[in-house]
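Reading through the structure tokens given below for one structure.
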Amino acid sequence: MEEVRESSAWVALNATHVTIDSSGIEKVVEQMKKSIPKVEWDYEGIHYFDNGPLTVQYLFVLDALNFCFWPDKDLNYDQLAMGLKEAFLSDKSAFDADRLQKYTGPQLRELLKWPRPLPLEEERVRLLHEVGFELERSFEGKASKLVESCGKSAVKLVALVTRHFPGFRDHSVYKGHQVFLYKRAQIFASDLWGAFKGQGYGEFNDISSITMFADYIVPAVLQQLGVLKYSSTLASTIEASSEIGAGTEEEVELRACSIYAVERMRELLSIKSGKQVLSVELDLWLWSVGVQCPSLQHHRTLSIYY
């Protein structure tokens with residue numbers, strides 16, 4: 001994902017509100033180099049998996065809805081993944097392309113067994129409709145056909161997803177430059193790779209091309225680790241739990257600088273350990289650290305992209 005790496009590097013070099021601390025990177029890498037942390041995909045046991053095309057359908061629906069949990073303090077990713085899993089186990093046609101196009105907000109809530117309106121509920125329903133429509137139009141209704149058409153290339157899969165499904169086109173304009181972030185499109189490739197353990201639908205010959213997934217948890221963990229530094233204004237905004245607008249300089253910097261910082265961590269860790277290190281593995285470790293820290297203060301942005 002060179003466009004993600006290059007545009008994020010440009011943001012990092014021109015950032016006003018977020019800086020990357022090289023000494024912070026070196027300290028973290030020094031601590032990690034002897035024992036690179038590995039976190040198993042689905043270590044919590046919350047995902048549906050049957051080693052076949054239904055798993056691909058489940059993961060694509062999950063990643064279409066994997067954004068913006070923070071406005072409801074009781075809602076998180078685990079509840080989404082588990083809710084969809086339980087719905088799928090009780091009705092294997094729940095995510096058929098024609099049904100995805102018909103869900104309403106209350107029906108989605110019922111599917112997830114959630115007692116009140118979901119954050120950005122109308123957008124979630126719209127994206128389900130989009131996924132169902134385009135899968136039916138271009139991929140015989142099956143996300144597995146989408147994956148089969150990428151020729152075992154994660155980069156090509158991300159390109160196909162962002163070409164066919166506008167809701168995955170996660171990019172911004174920053175100081176006159178186009179910035180590509182592609183969190184949910186990349187995480188779909190990563191989820192396949194993790195779920196299928198690099199085999200079958202999860203076999204990609206270029207998984208190392210995928211970057212970390214810029215959300216609101218990992219930047220906060222990087223800041224806690226001393227890798228990212230915030231301006232006093234940005235730090236105060238986050239501490240006050242004030243909302244940061246989507247597409248603002250601050251928001252783009254938080255996400256793009258996280259990508260660039262993890263890339264630098266990966267490069268240095270590979271050199272010091274003498275082993276290949278994947279950004280997807282570092283992301284899963286950083287994210288798992290963050291979700292286990294209830295006091296973690298993260299930025300708050302209403303967005304369909306993360």
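Because only heavy atoms are used, hydrogens play no part in the values below, and waters and symmetry mates are left out as well, while side chains stay in. Because the structure is a prediction, the values reported are computed rather than measured.
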Audit row: Leu65, Leu80, side chain to side chain contact (heavy atoms under 4.5 Å, CB included) steps and yes/no:
CA-CA 8 Å; Leu65 298 174; Leu80 176 67; 4.0 Å; yes
Going by heavy atoms in the side chains, are Arg184 and Asp170 under 4.5 Å from each other?
no
Output yes when Asp63 and Lys183 qualify as a salt bridge under the 4.0 Å nitrogen-oxygen rule, no when they do not.
no
Under 3.5 Å donor-acceptor, Asp50 side chain and Gly52 backbone:
yes
Can you confirm if the aromatic rings of Tyr77 and Trp287 lie within a centre distance of less than 6.0 Å?
yes
Is the side chain of Asp283 donor-acceptor paired with the backbone N or O of Leu286 at a distance under 3.5 Å, no angle test?
no
Could you pull out all residues at least two apart from Arg169 that satisfy side-chain hydrogen bond (donor to acceptor under 3.5 Å, both in side chains)?
none
Is there side-chain contact between Trp10 and Tyr174, with heavy atoms separated by less than 4.5 Å?
yes
Rounded to the nearest 0.5 Å, what separates atom CD1 in Ile259 from atom CG in Leu181?
5.0 Å
Hey, are the side chains of Leu269 and Met32 touching, using non-hydrogen atoms and a 4.5 Å cut-off?
yes
Do Phe69 and Gln79 make a side-chain contact, defined as non-hydrogen atoms from C-beta onward lying under 4.5 Å apart?
no
Trp114-Asp72 side chain donor-acceptor pair, cut-off 3.5 Å:
yes
Students often mix this up, so state it plainly: with edges at 30° and 60°, are the rings of Tyr58 and Phe88 parallel, tilted or perpendicular?
parallel
Side-chain (Thr301) to main-chain (Ile244) donor-acceptor, under 3.5 angstrom:
yes
Are any non-hydrogen side-chain atoms of Leu228 and Ser258 less than 4.5 angstrom apart?
yes
A side-chain contact here means heavy atoms from C-beta on lying under 4.5 Å apart; do Phe133 and Leu100 qualify?
no
Hey, are Lys272 and Glu30 close enough for a salt bridge, meaning a charged N less than 4.0 Å from a carboxylate O?
yes
Can you list the residues that meet the side-chain hydrogen bond (donor to acceptor under 3.5 Å, both in side chains) rule with Asn14, with sequence neighbours excluded?
none
Evaluate Leu108 against Thr104 for side chain to side chain contact (heavy atoms under 4.5 Å, CB included), listing each step before the verdict.
CA-CA 6 Å; Leu108 177 57; Thr104 63; over 6 Å; no
Donor + acceptor pair across side chains of Ser144, Gln57 (<3.5 Å):
no
Measuring from Ile20:CD1 to Tyr260:OH, what's the distance to the nearest 0.5 Å?
6.5 Å
Quick one: pull up SG in Cys293 and CD in Gln224 and give me the separation to the nearest 0.5 Å.
5.0 Å
Partners passing side-chain hydrogen bond (donor to acceptor under 3.5 Å, both in side chains) against Ser7 (at least two apart in sequence or in another chain):
none
Salt bridge (Lys or Arg N to Asp or Glu O under 4.0 Å) filter on Glu250, not counting sequence neighbours, yields none
For Cys257 and Ala12, which heavy atoms make the closest approach, and how far apart are they?
SG-CA, 3.8 Å
Strictly by modelled atom types, are Glu267 and Ser270 linked by a side-chain donor-acceptor pair under 3.5 Å?
no
If only atom types and distance count, is the side chain of Arg300 paired as donor or acceptor with the main-chain N or O of Tyr216 below 3.5 Å?
no
If you draw the axis of the six-membered ring of Tyr103, does the NZ or CZ of Arg124 fall within 45° of it and under 6.0 Å from the ring centre?
no
Without hydrogens or angle criteria, can the side chains of Gln178 and His171 be said to hold a donor-acceptor pair below 3.5 Å?
yes
So does Lys27 have more than 12 non-hydrogen atoms from other groups sitting under 6.0 Å from NZ?
no
Checking Ser90 side chain against Ala87 main chain: does a donor-acceptor pair fall under 3.5 Å?
yes
Assess the pair Tyr306 and His299: is the distance between their ring centroids shorter than 6.0 Å?
yes
Look up atom CG in Leu89 and atom CE in Met82, then write down how far apart they are to the nearest 0.5 Å.
9.5 Å
Looking at Phe196 versus Phe49, is the centre-to-centre ring distance below 6.0 Å?
yes
Polar side-chain atom of Glu123 near backbone of Leu120 as donor-acceptor pair, under 3.5 Å:
no
Would you say Lys92 has more than 12 foreign heavy atoms packed within less than 6.0 Å of its NZ?
yes
If we ignore hydrogens and angles and just use 3.5 Å, is the side chain of Glu251 paired with the main-chain N or O of Ala246 as donor and acceptor?
no
For the pair Thr248 (side chain) and Gly245 (backbone), establish whether a donor and an acceptor sit closer than 3.5 Å, ignoring hydrogens and angles.
yes
Is there a donor-acceptor pair closer than 3.5 Å between any side-chain N or O of Asp191 and the backbone N or O of Gly194?
no
To the nearest 0.5 angstrom, please state how far the CD1 atom of Ile46 sits from the NZ atom of Lys85.
8.5 Å
Please tabulate, one pair per line, all N/O donor-acceptor pairs under 3.5 Å involving side-chain atoms of residues 154-168, not counting sequence neighbours.
residue	atom	partner	partner atom	Å
Lys156	NZ	Ser149	O	3.4
Thr162	OG1	Val158	O	2.9
Thr162	OG1	Ala159	O	3.2
His164	ND1	Glu134	OE2	2.8

Charged N to carboxylate O below 4.0 Å: is that the case for Arg99 and Asp91?
yes
Between the side chain of Glu121 and the main-chain N/O of Leu118, is any donor-acceptor distance below 3.5 Å?
yes
Is there a side-chain contact between Cys68 and Ile304 in this structure, where contact means two heavy atoms from C-beta onward sitting under 4.5 Å apart?
no
For this output row, return yes or no: ring centroids of Phe67 and Tyr305 closer than 6.0 angstrom.
no
Could you walk me through whether Trp193 and Glu203 pass the side chain to side chain contact (heavy atoms under 4.5 Å, CB included) test, one step at a time?
CA-CA 6 Å; Trp193 178 75; Glu203 183 180 354; over 6 Å; no
To the nearest 0.5 Å, what is the distance between OG (Ser288) and CD1 (Ile217)?
11.0 Å
If you measure from the Lys or Arg side-chain nitrogens to the Asp or Glu carboxylate oxygens, is any gap between Arg266 and Glu281 under 4.0 Å?
no
No-hydrogen, no-angle side-chain donor-acceptor test under 3.5 Å, Gln297 and Glu239
no
Listed by chain and number, what are the side-chain hydrogen bond (donor to acceptor under 3.5 Å, both in side chains) partners of Lys197, not counting sequence neighbours?
Glu40
Side-chain donor-acceptor pair under 3.5 Å between Tyr48 and Glu86, yes or no?
no
Criterion side chain to side chain contact (heavy atoms under 4.5 Å, CB included) against Asn66, the qualifying member of Val61, Leu59, Ile187:
Ile187
For the residue pair His17 and Thr233, establish whether any side-chain heavy-atom pair is separated by less than 4.5 Å.
no
